[in-house]
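What follows is a short report on a single structure.
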Amino acid sequence: MTTFVDRVELHVAAGNGGHGCASVHREKFKPLGGPDGGNGGRGGDVILTVDQSVTTLLDYHHSPHRKATNGKPGEGGNRSGKDGQDLVLPVPDGTVVLDRAGNVLADLVGHGTSYVAAQGGRGGLGNAALASARRKAPGFALLGVPGDLQDIVLELKTVADVALVGYPSAGKSSLISVMSAAKPKIADYPFTTLVPNLGVVTAGSTVYTVADVPGLIPGASQGKGLGLEFLRHVERCSVLVHVLDTATLESERDPISDLDIIEAELREYGGLDDRPRIVVLNKIDVPDGKDLAEMVRPDLEARGYRVFEVSAVAHIGLRELSFALAELVAQARAARPKEEATRIVIRPKAVDDSGFTVTQEEAEGEPLFRVRGEKPERWVRQTDFSNDEAVGYLADRLNRLGVEEALMKAGARTGDGVAIGPEDNAVVFDWEPTVMAGAEMLGRRGEDHRFEAPRPAAQRRRDRDAERDESLREYDDFEPF
Ligand SMILES: Nc1nc2c(ncn2[C@@H]2O[C@H](COP(=O)(O)OP(=O)(O)OP(=O)(O)O)[C@@H](O)[C@H]2O)c(=O)[nH]1
Ligand SMILES: [Mg+2]
């Protein structure tokens, strides 16, 4: 049995950044070579990409956990770690990406359109990249940042030009089968079609797609039958076709009341009022059907519908129908604003990463100051807390960003708790303010005094200026390759 899946929950994990390496160049007779630890590689992204050969989300239903590969750690000898590989997940045209709360993150239409669902973590800088005039031989490297973890929902909304709607067994699938090369299942019991079928029709120079949806019954918009679940597949269609059965044996039904009921369901579902509609009276090969069609035609026309009498089985009226649809499709395409270029890559909204906030809370009766911000939180993740020098470097960075000053302004005092990060994932420490004056006054970190030679005053001044420039340099924007 084939299963059609048009909604799945997907858990994606981008690759972690590789750790930077702390290493010192060794060579015979040169006991103190410079730092030569390479940078860690970037973790791979998880990217959703529209692939027109993919038609269902079934694969993701079966394996909903997907992970891109990690970046490799850097190595000595200035060797950078390899980047992780992006994981490209093919999805059907018309896939909508939502978060778990139901907010639309991306609407993927058009072959090649992509969405970065989870971003790989940055690789950590090695000690070679961290070395500077001021920090000649750093004895530490930065850790790689863990990759994003995201829980997303994928929903498929079929992209077709024309949607066939109607009661079960009205002959929707039969019509698709004779107008296109598609071979959907056809049978004389209701709800033969459990999933939308898609067919490609060529009429003159116009090529368009036609989709049917499972039969609609009264109450469909409230979820009766298979209705509601599949109405979303008609949302994107530009033309609606009412397929009406002229040969039904059910005594309480006739084409006009069928039409009224389907229209009521569409109205209830909403959002489809502006679509042009035409009416197809099907099964006119049946003698009673032909009579009934002729009887109701004036009524339907009086309501403003163009009416086509056809027989899917006897192949009557199909050519005229397919050309009329081609015309409507062409009009709809012409009226639509120019298609945006396909192959767009949508990235999650860029966070404003320059700022941070400090808020005061209370934890067990003691004041706790919470720092939130993209940079400080990332810096914390990049820090190897078992290495004092690395911790000192973190303090320098936080200081440079103004975190220390902000904490002081917020009223933090020595010994108060400071948490960097969200409640469920923060690094907490007791605050020990360094000196007011900022980075320059801090002890020189990463300096090996064996490198130091006595310096004349002018040299010392130059060095001090260089240090100040150094302290303003942003390492964060360094992307290893
Ligand atoms: N005599 C006659 N029978 C038809 C015609 N079109 C479809 N049928 C028959 O009607 C029955 C239902 O046809 P389907 O194409 O499966 O109908 P459907 O609208 O797709 O039905 P669901 O998928 O259940 O909603 C089948 O037995 C078809 O052979 C027609 O033009 N003439
Ligand atoms: Mg069908």
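Residue indices begin at 1 and follow the sequence shown.
Checking side-chain atoms of Thr49 against main-chain N and O of Val88 turns up no donor-acceptor pair under 3.5 Å. No donor-acceptor pair closer than 3.5 Å links the side chain of Asn16 to the backbone N or O of Pro146. In this structure, the side chain of Ser180 does not engage the main chain of Ser177 through any donor-acceptor pair within 3.5 Å. In this structure, the side chain of Asn39 does not engage the main chain of Ser80 through any donor-acceptor pair within 3.5 Å. Panel note: side chain Ser63, backbone Tyr60; no donor-acceptor pair is recorded below 3.5 Å. Proximity of a side-chain donor or acceptor of Ser322 to a complementary backbone N or O of Glu320 within less than 3.5 Å is not detected. Judged purely by atom type and a 3.5 angstrom limit, Thr69 uses its side chain to pair as donor or acceptor with the backbone of Gln85. With Arg372 contributing its side chain and Val358 its backbone, the two residues share no donor-acceptor pair below 3.5 Å. Within the 3.5 Å criterion, the main-chain N or O of Glu361 finds no donor-acceptor partner in the side chain of Arg370. A distance-only check finds a donor-acceptor pair linking the side chain of Asp212 to the backbone of Asn197 [under 3.5 Å].
Between Phe140 and Leu130, some side-chain heavy-atom pair lies under the 4.5 Å cut-off. Between Val310 and Leu175 there is a side-chain heavy-atom pair separated by less than 4.5 Å. Looking at Thr246 and Asp254, their side chains never come closer than 4.5 Å, going by heavy atoms from C-beta outward. Side chains of Val153 and Arg7 form a contact here, defined as non-hydrogen atoms less than 4.5 Å apart. Side-chain contact between Val418 and Val371 is present, with heavy atoms from C-beta onward closer than 4.5 Å. In this structure, Val427 and Phe385 have side chains that are in contact, with non-hydrogen atoms separated by less than 4.5 Å. Taking 4.5 Å as the limit, some side-chain heavy atom of Leu108 sits within range of a side-chain heavy atom of Leu48. Side chains of Val279 and Val243 form no contact here, defined as non-hydrogen atoms less than 4.5 Å apart.
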Might you work through the side-chain contact (heavy atoms from CB on, under 4.5 Å) test for Lys283 and Lys290, ending with a clear yes or no?
CA-CA 8 Å; Lys283 309 196 187 179; Lys290 177 73 183 160; over 6 Å; no
Apply side-chain contact (heavy atoms from CB on, under 4.5 Å) to residues Leu98 and Ile152 and explain how you reach the verdict.
CA-CA 6 Å; Leu98 307 128; Ile152 52 176; over 6 Å; no
Take Arg333 and Asp161, measure what salt bridge (charged side-chain N to carboxylate O under 4.0 Å, His left out) needs, and give me the verdict at the end.
CA-CA 9 Å; Arg333 286 180 184 164; Asp161 297 298; 2.8 Å; yes
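With respect to Asp245 and Lys172, no salt bridge is recorded, no charged nitrogen being found less than 4.0 Å from a carboxylate O. With respect to the salt-bridge test (charged N to carboxylate O, under 4.0 angstrom), the residues Asp107 and Lys157 do not qualify.
Between atom CG of residue Asn127 and atom CG of residue Leu142 there is a gap of 10.0 Å, rounded to the nearest 0.5 Å. Between the CG atom in Asn70 and the NE2 atom in His19 there is a gap of 9.5 Å [rounded to 0.5 Å].
The number of heavy atoms from other shown groups lying within 6.0 Å of NZ (Lys183) is above 12. Within a 6.0 Å radius of CD in Glu405, no more than 12 heavy atoms belonging to other residues, nucleotides or ligands are found. Within a 6.0 Å radius of NZ in Lys67, more than 12 heavy atoms belonging to other residues, nucleotides or ligands are found. Atom CZ of Arg303 is surrounded by more than 12 heavy atoms from other residues, nucleotides or ligands within 6.0 Å. When the shell of 6.0 Å around CD of Glu364 is examined, it contains 12 or fewer heavy atoms from other residues, nucleotides or ligands.
Relative to the six-membered ring of Tyr305, Arg277 misses at least one condition, a distance below 6.0 Å or an angle of at most 45° to the axis.
In this model, a donor atom of one side chain and an acceptor atom of the other lie less than 3.5 Å apart for His242 and Glu263. Under 3.5 Å, the side chains of Gln119 and Arg42 contain no donor-acceptor pair of N or O atoms.
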